[in-house]
Amino acid sequence: MLDKAFDPKTAEPRLYAEWEASGAFAPTPDPAAPAFSMAIPPPNITGALHIGHALNCTLQDVLIRFARMRGAAALWLPGTDHAGIATQMVVERQLAAEGNIGRRDLGRDAFVERIWAWKARSGGMIVEQLRRLGASCDWSRERFTLDEGLSSAVRKVFVTLHRQKLIYRDKRLVNWDPHFQTAISDLEVEQREVDGCYWHFAYPLEDGSGEIVVATTRPETMLGDTAVAVHPKDERYKHQVGKCVRLPIVGRPIPIVADDYADPDKGSGAVKITPAHDFNDFKVGQRHRLPMISILDTFARVNDNAPADYRGLDRLAARKKVVEAFEALGLLRGVENIRHVVPHGDRSGVAVEPYLTDQWWVDAGTLAGPAIAAVEQGATVFEPRNWEKTYFEWMRNIEPWCISRQLWWGHRIPAWYGPDGRIFVAETEAAATAVALEHYGRAEPLRQDEDVLDTWFSSALWPFSTLGWPDQTDDLKRFYPTDTLVTGFDIIFFWVARMMMMGLHFTGQVPFRRVFINALIRDAEGAKMSKSKGNVMDPLALVDAYGADALRFTLTAMSGQARDIKLSTQRIEGYRNFGTKLWNAVRFCEMNGCITVAGFDPGAARESVNRWIRGETLKAARAVTAALDTCAFDDAAGALYRFIWNVYCDWYLEVAKAILNGDDEAARAETRAMAAWVLQVVLKLLHPVMPFVTEDLWAKTALPGAPRDGLLIAAAWPDLPEGYLDPAAEAEIGFVLAAVTEGRSVRAELNLPPSARPPLVLVDASPVQREIFHAHAAAIAHTLRVGEVQSQGAAPEGSLTFVVEGATIALSVKGFIDVAAERARLAKEIAGHAADIDRTARKLANPDFIARAPEDVVEENRQRLAEAEDARARLEAARDRLAALG
RNA sequence: GGGCGGCUAGCUCAGUUGGUCAGAGCGCCUGGUUUACACCCAGGAGGCCGGGGGUUCGAGCCCCUCGCCGCCCACCA
């Protein structure tokens, strides 16, 4: 006998261990099985499982379990990401907290060693947390972006792209993060709105003929100005082009140049040009061959290229000092307070500097071409489709990708420098040394590039590097391209696009055929969850409170696309209850001896209610299958919920009670077998979403003699024959259910005491309807709480009358009810029909409608009108009878 | 500045190609000793589907326009 309810706390770890021990997470070696594979978006080793991971992984687990049950060689490959900056940050913070020396004092090797030690201790936490969710990853294939195999893939890719001139080293402006002391890519920069000022400075002309006013939000950069630009057609300045101004404070003469970049409508129309500290100015500088004077060091402090007074000052201190100097010189022409956006490092949170340095770049523009084409041609499809627009937009305007980072934790760039600065790019130091030997004709000391690669560089290879590439491994042949990538829209640029580029370039195939973009989870108020707001929901706490199944079902049910998910515990509680509901349905079946019968053929069922539920089961199975096939997770969850609760429990089991309590032995046996059969199908259909409770029930209901073949996780997905549909049974049971529903409503409205069991009288019904009612008399008596079913020509005195599918049905309740109340109820019903009749009749009276609407729609309305009129007539007759009674 | 998404019952959301589409869950109200389940059962109230205009025999559903709300990209010297 089952307990009162499922106990996730004890069952989940036990069941997970069983799955893992059974080897079910690994793809079947059966060569005939079609492959279905997914690579997990590798969580950062620094991360704790947050609710976004929970959603993302739940959906993947639903897909992989579904595929597995359908007989695929299903591989969900797990792993983690070394997360360069994030990890380095964590360990640096830890060093600081322990009062230890900083990383620079520690030295590179010791620091990196320290991170590995940290990783060994706490880096696996998130993987353990995934297990708690029920994630059925193949842990035997778990990878880490910095492990040996992936690292050699990274080197191979780097060297190959370099040889193909798609990776190059170049000195140009990058976004420099002064906090982390590294270059970052465009994508790692976020615009933040801050308060600032707009200063207007006068630059005197060198020949003393006047001044030219420029405006800036960054006065300190004027120390590096090398020109003033005006628009070539700007009459105000035409005569000054070619002259020089003397840069205040610095004393350097700088030219006034004509360039389209200057906008005559902005400010004075003249703009100061600081090529080494502004992306636009850099381009102007290139066009006019201006000197590029960098006046900041890597910490964004003023360097030795500036006047002595300013050296060593932080950029903000320098800003203040520059403004004061202009004021003192009488050259400050105005200042306004403004709110403007300033680029910040997304991790450090400090303002980034455009900074002139040597970095490694990927020619993303070239790689993007095939990646764009692949999506255009549908080789990879985004789901929902509209994300393709986002993808295209970015890819078609892509800029070179800065891939070098001045960090220590990551893939060291496989480039070595000779004494003369010559670069040798090779997969190993030995190879580089060999080339260098050949080049120099003698052994020269080589120095490896200090930098590491952007973390996303290795992530870009993830779908194939994890499968063993560049070796043509069996896994690579079998599981690449992967089928579906499930990820968030926030990393379409960072990750999806780059995997597309690298995958196509190195394997000639797309890395995945489908990209499912999952929603973003917010709190119940719709706010983005963040630690600072204190509104984060810890998925593990939710698992503790409600069980993993409840959380999974909630996330699945709410994963409707194109929308943020607002998560509330109330919702999770509701789906926990759903699990309990199923549990109790199984409990009921168990109590009634509904066990799986070997050789039972649902197709041969004779009882109409059994033929009906068989068809409903088929419909539910189809709905769930179709939904999961198209990543319509919410539809799958909805179909399961409705079928299990509103069809199987609310109706089938209630009607079945009448049979099970009856004395028709054949019917009882068939119903027991059918109830069990449906459950078996249901457990399978629900398993991908609620794996724990279904697996537990699967095991616990495996009564002696039941045809069970091992664990549910490995069971075959239901594939039910079309013949299970039975329109006749559907119509029959549909009529009974409609009558009971209407009867209940009438009872409640008239406040008929629940204990009252009035006879149910068929006043006017077709012979078929009468037959149906008598056949299901026990079920109707049980569900509608009525006495015997009588069939007679006239409504008994003092009765409640209702109309269902053209049958007039009465509850003989003389003495129980208030005649006036019944009269009022009938009047309301009649009025309702009248409104419907009026609307439909008007429609049918419209010649345009008759002429233009399709025939079936017209016919449908005719029928509807006829039915409504019939129902109204019947109710009017009942009213008249009531009136006759006085 | 460019783009995307949203605005449907008190709340959170479904509503496929325009023709019972006005729905679900939660909340609320009423009733319930119906032997699977109170994490339950039965019933009920509640919405000019953001505003306006248009196309159509017919529009939450298509077009135009306006209004809010959210996000992304670019940029403001």
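Values below: every heavy atom of this structure, side chains too, minus hydrogens, waters and symmetry copies. In what follows, chains are A, B, ... by sequence order, proteins preceding strands, each numbered from 1.
- For A/N397 and B/rC73, the shortest distance from a side-chain N or O to OP1 or OP2 is not below 4.0 Å.
- Along RNA chain B, the nucleotide nearest A/K272 and the nucleotide nearest A/K828 are compared for position; the residue whose nucleotide lies closer to the 5' end is A/K828.
- When the nucleotides B/rA36, B/rC75, B/rA77 are ranked by their closest atom to the side chain of A/Q191, B/rC75 comes out on top.
- Atom pair A/I595:CD1 and B/rA36:C1' shows a separation of 18 Å (rounding to whole Å applied).
- Computed from coordinates, the A/I492 CD1 to B/rC4 C1' distance equals 11 Å when rounded to whole Å.
- Ring planes of A/Y641 and A/Y575: perpendicular class, angle over 60° (limits at 30 and 60°).
- The base of B/rC4 does not come close enough to the side chain of A/K389 for any donor and acceptor atom to sit less than 3.5 Å apart.
- The stretch residues 216-223 of chain A comes close to RNA chain B through A/T216, A/T217, each having a heavy atom under 4.0 Å from the strand.
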Using the 3.5 Å cut-off, write out each protein N or O paired with an N or O of nucleotides 17-23 of chain B and the distance between them.
{"unit_1": "B/rU20", "atom_1": "O4'", "unit_2": "A/R864", "atom_2": "NH1", "d": "3.4"}

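- Going from the P atom of B/rG46 to that of B/rG5 covers 35 Å, rounded to whole Å.
- Distance A/W394 CH2 to B/rC4 C1': 18 Å, rounded to the nearest Å.
- Using a 4.0 Å heavy-atom cutoff across all strands shown, A/N592 reaches no nucleic acid atom at all.
- Only the C1' atoms considered, B/rU20 is 26 Å distant from B/rC63, to the nearest whole Å.
- Comparing A/V189 and A/A585 along RNA chain B, the residue whose closest nucleotide (by nearest heavy atom) sits nearer the 5' end is A/A585.
- B/rG27 and B/rA42: their P atoms are spaced 15 Å apart (whole Å).
- Set against B/rC41, B/rA36, B/rA77, the side chain of A/D263 has B/rA77 as its closest nucleotide.
- Using a 4.0 Å heavy-atom distance criterion, A/R576 is classed as a base contact.
- At least one side-chain heavy atom of A/S185 sits less than 4.5 Å from a side-chain heavy atom of A/W401.
- Residue-environment remark: NZ (A/K657) exceeds the threshold of 12 foreign heavy atoms within 6.0 Å.
- For the C1' atoms, the distance linking B/rC41 with B/rU34 amounts to 8 Å, nearest Å.
- Between B/rG44 and A/S745, a contact under 4.0 Å exists linking OP1 or OP2 to a side-chain N or O.
- With respect to the salt-bridge test (charged N to carboxylate O, under 4.0 angstrom), the residues A/E590 and A/K700 do not qualify.
- When the C1' atom is compared between B/rG51 and B/rG67, the two are found 7 Å apart, to the nearest whole Å.
- Rounded to an integer number of Å, the gap from A/F392 CZ to B/rC4 P is 14 Å.
- Comparing the C1' positions of B/rC66 and B/rG25 gives an interatomic distance of 34 Å, to the nearest angstrom.
- You'll find the side chain of A/D836 reaches within 4.5 Å of the side chain of A/R864, heavy atoms only.
- Remark: B/rG18 base-pairs with no nucleotide; criterion is Watson-Crick or G-U wobble with both hydrogen-bond distances under 3.5 Å.
- How far CG of A/D3 is from CG of A/D696: 9.0 Å, rounded to the nearest 0.5 Å.
- A/Y648 places a side-chain N or O within donor-acceptor distance of the main-chain N or O of A/A675, the cut-off being under 3.5 Å.
- Ring-plane geometry between A/F382 and A/Y391 is classed as tilted, the angle between the planes lying from 30 to 60 degrees on a 0 to 90 degree scale.
- Side-chain atoms of A/A748 lie closest to B/rG43 of the nucleotides B/rU12, B/rG43, B/rA77.
- No side-chain heavy atom of A/D634 sits under 4.5 Å from any side-chain heavy atom of A/M558.
- B/rG18 shows a glycosidic angle more than 90° from 0 and is accordingly assigned anti.
- Base contact: A/K581 has a heavy atom under 4.0 Å from a base atom.
- At a cut-off of 3.5 angstrom, the base of B/rA36 holds at least one donor-acceptor pair with the side chain of A/E654.
- Residue-level contact check: A/C589 touches neither bases nor backbone, having no heavy atom under 4.0 Å from any strand.
- Contact check, A/K657 against B/rU35: no side-chain N or O comes under 4.0 Å of OP1 or OP2.
- Using a 4.0 Å cut-off between charged nitrogen and carboxylate oxygen, A/R862 and A/E855 count as a salt-bridge pair.
- Rounded to a whole angstrom, the distance from the P atom of B/rA14 to that of B/rA9 is 13 Å.
- Contact of the A/F578 side chain with the A/M690 side chain is registered, since non-hydrogen atoms from C-beta on lie closer than 4.5 Å.
- Of the charged side-chain nitrogens involved, none lies within less than 4.0 Å of a carboxylate oxygen, so that A/E867 and A/R872 do not count as a salt-bridged pair.
- If you look at A/F633 and A/F516, their ring centroids are closer than 6.0 Å.
- Within 4.0 Å of A/A262, counting heavy atoms only, lies at least one base atom of the nucleic acid.
- Figure legend. B/rA77 is base-paired to no nucleotide; pairs are counted as Watson-Crick or G-U wobble with both atom distances under 3.5 Å.
- Summarising the base pairing, B/rG43 is matched to B/rC29 through a Watson-Crick or G-U wobble pair whose two defining distances lie under 3.5 Å.
- Protein atom CZ of A/F494 is 12 Å distant from nucleotide atom C1' of B/rC72, rounded to whole Å.
- Across the strands present, B/rC4 finds its partner in B/rG70; the criterion is a Watson-Crick or G-U wobble pair with both atom distances under 3.5 angstrom.
- No salt bridge links A/D7 with A/K9; every basic N to acidic carboxylate O contact stays at or beyond 4.0 Å.
- Distance check on atom P: B/rC64 versus B/rA24 gives 33 Å, rounded to whole Å.
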Protein-proximity profile, nucleotides 24-31 of chain B, B/S/- by nucleotide at the 4.0 Å heavy-atom cutoff, equals --SS---S

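- Put simply, NZ on A/K4 is 7 Å from C1' on B/rC37, counting in whole angstrom units.
- With respect to the salt-bridge test (charged N to carboxylate O, under 4.0 angstrom), the residues A/R192 and A/E190 qualify.
- Taking atom CD of A/E393 as the reference point, atom P of B/rG1 lies 17 Å away to the nearest angstrom.
- Rounded to an integer number of Å, the gap from A/D635 CG to B/rA14 P is 10 Å.
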